[in-house]
J.: 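Pasting a structure below so you can have a look.
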Amino acid sequence: MSAGSKEVETADAKLHVLQVEDNPLDVELVQRELRRAGFNFTSAVVQTKEDFTREVREHCPQLVLADYNLPQWRGMEALPILEEEGIDVPLILVTGALGEVTAVECLKQGATDYVLKGALARLPVSIHRALREKYLREQRKQAERELAQMVEELARSNEELERFAYVASHDLQEPLRMVASYTQLLGERYRGKLDENADKYIGYAVEGAQRMQTLIQDLLAFSRAGRNKPTGGDTDCNLLMKDVLLNLTASIQESGAVVTYDALPVVSTDRLQMSQLLQNLIGNAIKFRTQKPPAISVKAEEVNGFWQFGVSDDGIGIAPEHVDAIFSVFHRLHTRAEYSGNGIGLAICKKIVEHYGGKIWVESSPGQGSTFKFTLPARATQTKGASA
Ligand code: ADP
């Protein structure tokens with residue numbers, strides 16, 4: 001790649017031109033035209049493939065001006081050599097009469113332009129354009145390289161951050177366990193033996209430590225979600241639903257919820273993550289209910305090569321301005337006194353779904369219930385029917 005690409009677009013910068021030409025008079029005429037146009041250039045002249053290759057390697061040119069026909073070679077054959085050497089140098093054919101069809105063919109094969117020897121006055125314009133195009137090409141490549149680098153850096157810093165969150169939440173568990181169990185012990189041993197305030201304060205400390213424990217466990221679950229490479233395991237969602245509902249037995253019974261599901265697919269998603277996903281969504285559908293026992297349904301259909309799942313409820317619904325934000329960590333719309341939780345469940349769902357190349361979103365309006373939809377690549381082959 002030429003180092004002086006920036007300068008070569010001006011006529012004052014030194015331009016190294018490689019001329020592929022056997023006729024000394026034509027060499028001279030071309031150089032005169034360049035001088036006349038104010039180019040500050042050096043040049044080398046070659047006539048054979050071997051000399052061309054050597055020149056390219058030794059003095060990487062910024063421009064090749066090639067005759068179409070030479071006694072022992074053809075100017076167009078310089079193109080594959082430039083490509084092999086991995087350098088982006090414009091090649092302009094400077095030839096005698098060249099048929100329209102041949103000219104178009106040459107441009108298709110990669111020549112930048114062609115200028116007839118009888119019309120050399122056009123050469124400077126053609127060179128300026130070729131160098132300008134090359135400059136823009138390099139600018140674009142540079143921008144692409146920078147973008148790729150930024151994406152890589154972002155991925156690395158994301159990974160670092162995730163590792164940090166994982167290590168921090170993992171390592172915090174142990175000291176926190178100490179605080180939680182000793183404050184609990186304090187509470188049990190000294191309740192009623194100190195004054196009333198002491199009982200109250202110990203109570204707050206126990207509660208705070210327990211809350212922090214669930215928070216840390218949720219954070220750990222969040223940083224674990226999607227950590228491993230997507231596995232190719234077949235997970236039958238109909239069977240999985242039985243386990244999910246079993247895990248939710250207490251809240252289903254307490255709320256009187258009716259959960260139905262029908263003909264769910266087999267997906268290539270890790271069983272544990274799929275269960276986490278459905279459990280979080282169905283758990284929320286139960287939690288964010290109205291006064292009446294919730295009716296919840298889980299469905300799936302194939303849309304454009306993806307399974308599109310929908311978990312619908314008839315609960316409190318969500319205002320349009322919150323439908324995106326609820327998928328961020330710690331984003332909650334209610335106090336803990338109104339509805340329990342840490343605001344991590346949906347962030348975990350999003351992480352799992354995106355890990356498999358899918359999307360998650362919600363369609364809802366306040367008081368009208370919500371349908372959480374997510375997609376997963378449909379590599380599964382079967383669809384089974386079941387209902388609970
Ligand atoms: P958490 O349930 O711990 O609050 P989530 O991340 O699971 O955390 O949910 C974030 C917020 O999104 C909830 O606090 C609630 O406001 C809203 N939300 C989630 N699911 C539903 C639902 N099915 N109906 C209404 N609101 C919901």
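For ligands, and for the atoms within them, numbers begin at 1 and follow the listed sequence. Just so you know, residue 1 is the first one in the sequence shown, and it goes up from there.
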J.: What I want to know is whether Asn284 and ligand 1 share at least one N or O pair that is separated by under 3.5 angstrom.
T.: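 Yes: some nitrogen or oxygen of Asn284 is under 3.5 Å from one in ligand 1.
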
J.: Taking 4.0 angstrom as the limit and counting only heavy atoms of Ile344, give me the atoms of ligand 1 inside it, by number and element.
T.: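 Per the distance check, 6 (O), 8 (O).
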
J.: Would Arg129 and Asp113 pass as an ion pair if we require N to O under 4.0 Å?
T.: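 A salt bridge links Arg129 with Asp113.
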
J.: As an exercise, state the distance from CZ of Phe372 to CZ of Phe327, rounded to the nearest 0.5 Å.
T.: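 It is 5.0 Å, given to the nearest 0.5 Å.
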
J.: Record the part of Asp313 in heavy-atom contact with ligand 1 below 4.0 Å; permitted values are side chain, backbone, both and neither.
T.: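 Just the side chain.
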
J.: Would you kindly check if the NZ (Lys) or CZ (Arg) of Lys14 is within the cone defined by 45 degrees around the ring axis of Phe41 and under 6.0 Å from the six-membered ring centre?
T.: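 Negative - Lys14 is either too far from the ring of Phe41 or too far off its axis.
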
J.: Compute the shortest N/O to N/O distance between Ser340 and ligand 1 and return yes if it is under 3.5 Å, no if not.
T.: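 For ligand 1, there is no N or O atom that lies under 3.5 Å from one belonging to Ser340.
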
J.: Less than 4.0 angstrom from a charged side-chain N to a carboxylate O is my criterion; do Lys134 and Asp88 meet it?
T.: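 Salt bridge between Lys134 and Asp88, a charged N being under 4.0 Å from a carboxylate O: no.
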
J.: Between Lys373 and Glu301, is there a salt bridge with N-O shorter than 4.0 Å?
T.: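 Here Glu301 does not pair with Lys373 in a salt bridge, since their nearest N and O are not under 4.0 Å apart.
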
J.: Can a salt bridge be assigned to the pair Arg289 and Asp314 using a cut-off of 4.0 Å between side-chain N and carboxylate O?
T.: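 Judged by the 4.0 Å cut-off on N to carboxylate O distance, Arg289 and Asp314 do not form a salt bridge.
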
J.: Hey, are Arg177 and Glu174 close enough for a salt bridge, meaning a charged N less than 4.0 Å from a carboxylate O?
T.: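 Salt bridge flag = yes for Glu174 with Arg177.
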
J.: Starting from atom 6 (O) of ligand 1, which protein heavy atom do you reach first, and at what distance in Å?
T.: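 Here the nearest protein heavy atom works out to Leu346 N, 2.8 Å.
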
J.: By side chain to side chain donor-acceptor pair (under 3.5 Å), which residues pair with Glu50, not counting sequence neighbours?
T.: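 For Glu50, no residue satisfies side chain to side chain donor-acceptor pair (under 3.5 Å) once neighbours in sequence are set aside.
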
J.: Nearest to atom 14 (O) of ligand 1 by heavy atom, Phe222, Phe288, Phe330: which?
T.: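 Considering heavy atoms of Phe222, Phe288, Phe330, the nearest to atom 14 (O) of ligand 1 sits in Phe288.
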
J.: Can you pull out the closest protein heavy atom to atom 4 (O) of ligand 1? Residue, atom name and distance to 0.1 Å, please.
T.: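 Checked against all protein heavy atoms, atom 4 (O) of ligand 1 sits closest to Arg332 NE, 2.6 Å.
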
J.: Looking only at protein heavy atoms, identify the closest one to atom 3 (O) of ligand 1 and say how far it is in Å.
T.: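 Its nearest protein heavy-atom neighbour is Gly343 N, 2.9 Å.
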
J.: Considering only distance and modelled atom types, tabulate donor-acceptor pairs under 3.5 Å from the side chains of residues 73-80, sequence neighbours left out.
T.:
| residue | atom | partner | partner atom | Å |
| --- | --- | --- | --- | --- |
| Trp73 | NE1 | Glu77 | OE1 | 3.2 |
| Arg74 | NH1 | Tyr68 | OH | 3.3 |

J.: Applying a 4.0 Å heavy-atom criterion (strictly less than), which segment of His322 is in contact with ligand 1: side chain, backbone, both, or neither?
T.: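 Looking at His322 and ligand 1, no heavy atom falls under 4.0 Å.
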
J.: Using a 4.0 Å cut-off to any heavy atom of His334, which atoms of ligand 1 qualify?
T.: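 Listed by number with element: 16 (O).
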
J.: Write out the residue and atom name of the closest protein heavy atom to atom 10 (C) of ligand 1, then the distance separating them to 0.1 Å.
T.: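 Result: His331 O, 3.4 Å.
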
J.: Hey, which atoms in ligand 1 end up nearer than 4.0 Å to a heavy atom of Phe372?
T.: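 Listed by number with element: 19 (C), 20 (N), 21 (C), 22 (C), 23 (N).
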
J.: At under 4.0 Å between heavy atoms, which part of Phe327 makes contact with ligand 1: side chain, backbone, both or neither?
T.: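 None of Phe327 does.
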
J.: Any nitrogen or oxygen of Ala347, side chain or backbone, less than 3.5 Å from one on ligand 1?
T.: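 Ala347 vs ligand 1: no N/O contact under 3.5 Å.
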
